[in-house]
Enquirer: 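Please find one structure pasted underneath; my questions will follow.
For the numbers below, each heavy atom of this structure counts, side chains included, while hydrogens, waters and symmetry mates do not.
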Amino acid sequence: MNASKVEVSALLTWKNSLDNKSQSILSSWISDTPCKWDGIGCNKAGKISQLNLTNFGLKGTLHDLNFSAMSHLMSIILSNNSLYGTIPSNICYLPRLKFLDFSINTFYGILPLEIGKLTNLQVLDLHSNYINGSIPREIGNLTSLVLISLRDNSLIGSIPISIANLTNLKYLYLYKNQLSGSIPKDIGLLTSLVELDLSKNNLTDPIPESIGKLRNLALLHLSENDISGHIPSSLGNLTKLNILWLSRNPLSGPIPLELGKLKFLVELTLYANELTGTVPLEISNITYLQKLYLSRNHLTGQLPENLCTSQSLTELVMFNNSFVGEFPRSLKNCSSLQVVLLQLNRISGNISEVFGVYPNLESIALSYNKFYGELSTKWGQCHNLTTLWFNGNNISGAIPLELGGAIELSSIDLSSNQLSGRIPRSLGNLTSLLHLKLNDNRFSGYIPPEIGKLSKLQNLSLSGNDLSGPIPKQVGECVQLLELNLNHNALNGSIPYEMENLNSLNTLDLSQNMLVGEIPQSLGSLKSIEKMNISHNNISGSIPSSFNQCFSLVSVDISYNQLEGSLPNITAFQKAPFDALRNNKALCGNVVGLNSCSSSSRKKVDKRKTKRTILLIVLPVLATIFLLMIIGGIFLILQPRTRNVQSEPRRFTLTENLFAITGFDGKIAYENFIEATENFHPNHCIGVGRCGSVFRAQLPNGQVFAVKKIHSTESGELSNAKEFENEIRALTEVRHRSVVKLYGYCSHPRHSFLVYEFFEGGSLLHILNTDEKALEFEWIKRVNVVKDVADALSHLHHNCSPPIIHRDISSKNILLDSDYGAHVSDFGTARLLKPDSSNWTSFAGTYGYAAPELAYTMEVSEKCDVYSFGVVALEVIMGKHPGDLISSLGTSSISSAANGIMLQDVWDPRLPVPGNREIEEAVLVVKLALSSIHSDPKLRLTMKEVSIQLSAKRLPLQNPSPSTTIGQLIAF
């Protein structure tokens, strides 16, 4: 009975040390009968023998848990909570303990040496914590162990030799740490091992031959280390092996033919090594082989003929080698295939003969090989196909109409071939299509209007063909387009005004065609346009005034047209090189090579427009004035007292006593901002957004602020009243150095605006899109910007109650100060995440940054911001929006796609290659960004985790080089 009281006291003392929420979760822990408490199990004698609190949501430490009071405990499972602190050394007072599971918490510090006293322990699971230090050699005393899982921690040092004593061990998981040194040669003594995973460490030296003694081994995973030397032939003795992963090491030499003895092997992954020679024919003897990954090596010769004799092969990934010869005919009838990635080799064959019908095929990439012949109609029967990349070959003939039957296709790249004929209208059936690249072929005829059915299309490239006719107006229905490239064709007619719907468009290239007419006014209203090339056409008239507000535009080429009049007063035009403006009819402006614009010339250019618009403007205005006079008279009669009230600002609220030092009150502040911006004159405008225009306002005392004037309707009402209120509500609750500060706001019938601190650096988007500024935006500055954004979002998500979800994180909403400190702005779409209510909402955000799940669910969560953060982080490192990279990672074989992209492909080419310190920081950013853009929200990191890792500098790779691949940053 005394022992029972001691046990009760120990558990209640520990309960009281936890946070209040945890204590309420353990509300059943109140009586003197612990055997009835939640999570408690007792033996026949009534002693506590089991403590299982998995997924209870507990928060606290183990420091107040008296382990010595529970000597009968055989199982303690505390996985998936928020427990932290160190693992107490007094855990050794559990002599009967068999199961110890503290996984998926935030424990840190070293493993106590005393853990070696738990000699009855069979399961030791501490994975997914922050445990550091080395693995104590005392672990070799735990000879009863069947499973050790220390994966996903921060362990360093070598694997202790004493681990060879654990002859009962079946499962050893040490992956995703920072272990170094060699694999112990005595590893062969662990003859009971079934699974051995040492991947994602810093292990060196060759694989010991003794590993071939582990005859019960079913899984061997040594990927992502620095293991060198040859693949030992002794691996051929592991006849029970199902999975062999040795990828992402500097392994050299040939693939041992002894691997052909592994008849039960299902996955063979050797990619991203330094392997040479041919693929041994004996590989065809592996009866149950499903996945063969040999990409990014130096392999030569022909592909083995009988790779699919058992009809079990699902994934064949062998790109970026030097394979030659004909494509194996045995693969023609391999109906099990799901993924075929063979790009960047020298494989040949008639593409119309060597491929059959693959009912399970999801992705096929044969880019940059030597295939010829015509596309088969059978591709339309691959109803699961999502990716079709045949670019860079010598394929001829027409695109078969039947391809429109592959309705799951999301990416087609047939560029750089010899294809001809018309673009089939049946492609309009591919409503899931995101990328369509048919450039650099010989296509002729019209662009089919069915292109408008592709509402999800992000990239359309038809350049370098012989297309004629007008640009179909239906292209304006592709509202998610990021890039539209139609250059080097024979297109005629005018630019369709329907392009005004392409608000996500980033790049527009219509150059080298025969387009006529004027530039549509709506083209200058596109909110995301950054690059525009309409050169070498026959476009006339003046450049629309709407381009004066097109601040997103950073690069423009309008040369070789019939344009006239003055250049828009934005940087893209005013700082454009003369070659981008030359050979027009009568352009003028302050650019070297152009005539200056005199007032008379401007009048001449504007004369036609004035005549044409006078009836459309003046007459309606007169009618409106007359109507307002009638309404105003009635209003004055009914409301005689409102005149003086309406002449004053309804409200000006200050969040800090900012203006008190100069004696300002609300009215004076209002008047000073009106005066400072000259009644919101465009000369003071520094940016235009969805809900308002931003102006620079310098007050008489020298203080400078950013003032966002909210757009209003013709009737004077706020067009974005809800966003106005959201911004105020969110920013009055937040105090963080990396969140823009709101000083005050004004709601007035004439002008409603918000007042923020002003940042000289401008937006992140502007800096990345301006070459001069981007060159000054060095690597460490970029990494620090990412850290600032992560800290801000972590604060919004985890330190605010209720949590605040921004919902529109993008580079245009990140502002930089003079020291390149980043500040999150624009909270108009922010949402307070209330745990006890519905969090469903309408779509908000910026295309290209919004999380993909918002396409099919409108439930807002923190993980939406996490995805947007990942996009921005990649954009900072790459210097441009990472749309193409994200698309390539979004295929069914994400790791394979990523493995074809090197780190040097994601560095901003305008900067020097990062140095030793910089590259480690930048790689960490890329790693975390990739984890943040996972298509499954549940698998994304939280912003708190991102912020912690950026601060702790827990690097994913040691000494990465520019030739390291993106795939080396992603786990299978």
Side-chain angles (χ1 to χ4, degrees), residues 7-8 10-31 34-42 48 50-67 70 73 75-88 91 99-109 123-131 149 151-153 793-805 831-839 859-866 931-932 934 936-949:
E7 290 173 338
V8 169
L11 289 175
L12 290 179
T13 299
W14 178 57
K15 171 191 172 182
N16 292 333
S17 72
L18 303 176
D19 70 350
N20 292 334
K21 183 179 179 181
S22 301
Q23 292 182 39
S24 64
I25 291 172
L26 300 178
S27 58
S28 65
W29 291 22
I30 54 175
S31 65
C35 297
K36 295 182 179 180
W37 294 355
D38 292 340
I40 301 297
C42 296
I48 295 176
Q50 296 180 12
L51 179 59
N52 188 344
L53 300 174
T54 300
N55 295 317
F56 268 57
L58 305 179
K59 187 173 184 179
T61 72
L62 297 179
H63 297 156
D64 292 312
L65 181 55
N66 183 5
F67 289 104
M70 294 181 288
L73 202 62
S75 173
I76 178 169
I77 304 175
L78 303 176
S79 63
N80 203 11
N81 285 287
S82 297
L83 300 171
Y84 58 93
T86 58
I87 297 175
I91 200 170
F99 299 92
L100 174 59
D101 186 352
F102 291 168
S103 61
I104 318 178
N105 282 284
T106 54
F107 290 112
Y108 53 81
V123 172
L124 175 61
D125 193 348
L126 304 176
H127 79 263
S128 301
N129 281 285
Y130 295 95
I131 300 170
S149 181
R151 65 177 177 89
D152 198 9
N153 278 286
L793 290 176
S794 177
H795 178 79
L796 295 173
H797 293 179
H798 301 283
N799 295 344
C800 295
S801 182
I804 298 175
I805 312 303
R831 181 71 179 264
L832 303 181
L833 196 62
K834 300 177 182 179
D836 55 348
S837 64
S838 170
N839 290 300
E859 186 174 15
V860 66
S861 74
E862 297 99 327
K863 295 302 180 74
C864 298
D865 280 355
V866 174
S931 298
S932 300
H934 201 289
D936 186 349
K938 296 178 182 177
L939 297 180
R940 293 174 200 154
L941 299 173
T942 66
M943 287 313 307
K944 184 176 183 180
E945 290 170 329
V946 172
S947 180
I948 289 173
Q949 290 197 45

Enquirer: Donor-acceptor pair, distance only, cut-off 3.5 Å: does the side chain of Asn52 make one with the backbone of Gly39?
Expert: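 Judged by distance alone, no pair lies under 3.5 Å.
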Enquirer: Quick one: does Ser149's side chain get under 4.5 Å of Leu124's, heavy atoms only?
Expert: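 The answer is no; the side chains never approach within 4.5 Å.
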Enquirer: Can you see which heavy atom on Lys15 is nearest to which on Leu26, and at what distance?
Expert: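 Result for this residue pair: NZ-O, 3.1 Å.
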Enquirer: Which atoms form the tightest heavy-atom contact between Leu53 and Asp38, and what is the distance?
Expert: CD2-O, 3.9 Å
Enquirer: Please find the pair of heavy atoms, one from Leu126 and one from Ile131, that lie closest to each other, and give the distance.
Expert: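 In this case the closest contact between Leu126 and Ile131 is CB-CD1, 3.9 Å.
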Enquirer: I would like to know whether Leu65 and Leu11 meet side chain to side chain contact (heavy atoms under 4.5 Å, CB included); could you show each step before the answer?
Expert: CA-CA 7 Å; Leu65 181 55; Leu11 289 175; 4.2 Å; yes
Enquirer: Rounded to the nearest 0.5 Å, what's the gap from CZ on Phe102 to CG on Asp125? Could you check?
Expert: 10.5 Å
Enquirer: Just verifying a value: how many Å separate Glu7 CD and Ile48 CD1, rounded to the nearest 0.5 Å?
Expert: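 Interatomic distance, Glu7 CD to Ile48 CD1, rounded to 0.5 Å: 4.5 Å.
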Enquirer: Report yes if some heavy atom in the side chain of Thr942 is under 4.5 Å from a heavy atom in the side chain of Glu862; otherwise report no.
Expert: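 No, too far: nothing below the 4.5 Å cut-off.
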Enquirer: Is the closest side-chain heavy-atom distance between Ser31 and Lys36 below 4.5 Å?
Expert: no
Enquirer: Do the non-hydrogen side-chain atoms of Tyr130 and Phe107 ever get within less than 4.5 Å of each other?
Expert: no
Enquirer: Report yes if the side chains of Leu83 and Leu58 come closer than 4.5 Å at any heavy-atom pair, otherwise no.
Expert: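 Of all side-chain heavy-atom pairs linking Leu58 with Leu83, at least one is under 4.5 Å.
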Enquirer: Run the ring-ring contact (aromatic ring centres under 6.0 Å, His included) test against Phe99 and tell me which residues pass, sequence neighbours left out.
Expert: none
Enquirer: His797 vs Asp865, test: side chain to side chain donor-acceptor pair (under 3.5 Å). Steps then yes/no.
Expert: CA-CA 9 Å; His797 293 179; Asp865 280 355; 2.9 Å; yes
Enquirer: Nearest 0.5 Å, what's the CG-CG distance between Leu62 and Leu78?
Expert: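 Leu62 CG to Leu78 CG: 6.5 Å, rounded to 0.5 Å.
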Enquirer: Report the distance from atom CD1 of Ile25 to atom CZ of Phe56, rounding to the nearest 0.5 Å.
Expert: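 Reported value, rounded in 0.5 Å steps: 8.5 Å.
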Enquirer: CE/Met943 to OG/Ser932 distance, rounded to the nearest 0.5 angstrom?
Expert: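 Rounded to the nearest 0.5 Å, the CE-OG separation comes out at 6.0 Å.
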Enquirer: Under the side-chain contact (heavy atoms from CB on, under 4.5 Å) rule, collect the residues that match up with Asp19, sequence neighbours excluded.
Expert: Lys21, Ser22, Lys59
Enquirer: Which residues pass the ring-ring contact (aromatic ring centres under 6.0 Å, His included) test with Trp14, sequence neighbours left out?
Expert: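 In terms of ring-ring contact (aromatic ring centres under 6.0 Å, His included), with neighbours along the sequence ignored, Trp14 is linked to no residue.
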Enquirer: Passes side chain to side chain donor-acceptor pair (under 3.5 Å), Ser128 versus Ser103? Steps please.
Expert: CA-CA 6 Å; Ser128 301; Ser103 61; over 6 Å; no
Enquirer: Does any non-hydrogen side-chain atom of His795 lie less than 4.5 Å from one of Ile804?
Expert: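 Not in contact.
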Enquirer: Evaluate the criterion side chain to side chain donor-acceptor pair (under 3.5 Å) for residue pair Asn81 and Asn105; output intermediate values, then yes/no.
Expert: CA-CA 5 Å; Asn81 285 287; Asn105 282 284; 4.7 Å; no
Enquirer: Which atoms form the tightest heavy-atom contact between Ser17 and Asp64, and what is the distance?
Expert: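 Reported closest heavy-atom pair: CB-OD2, 3.2 Å.
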Enquirer: Quick check for you: to the nearest 0.5 Å, what is the distance between Ile76 atom CD1 and Phe67 atom CZ?
Expert: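 Here the rounded value is 4.5 Å.
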Enquirer: Can you check whether Ile77's main-chain N or O pairs, donor with acceptor, with Asp101's side chain at less than 3.5 Å?
Expert: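 It does not hold such a pair.
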Enquirer: Indicate yes or no: at least one non-hydrogen side-chain atom of Gln50 is less than 4.5 angstrom from one of Ile40.
Expert: no
Enquirer: State whether the side chain of Arg151 and the backbone N or O of His127 hold a donor-acceptor pair below 3.5 Å, judged by distance alone.
Expert: no
Enquirer: Side chains of Trp29 and Val8: closer than 4.5 Å at any heavy-atom pair?
Expert: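 No. Closest side-chain heavy atoms not under 4.5 Å.
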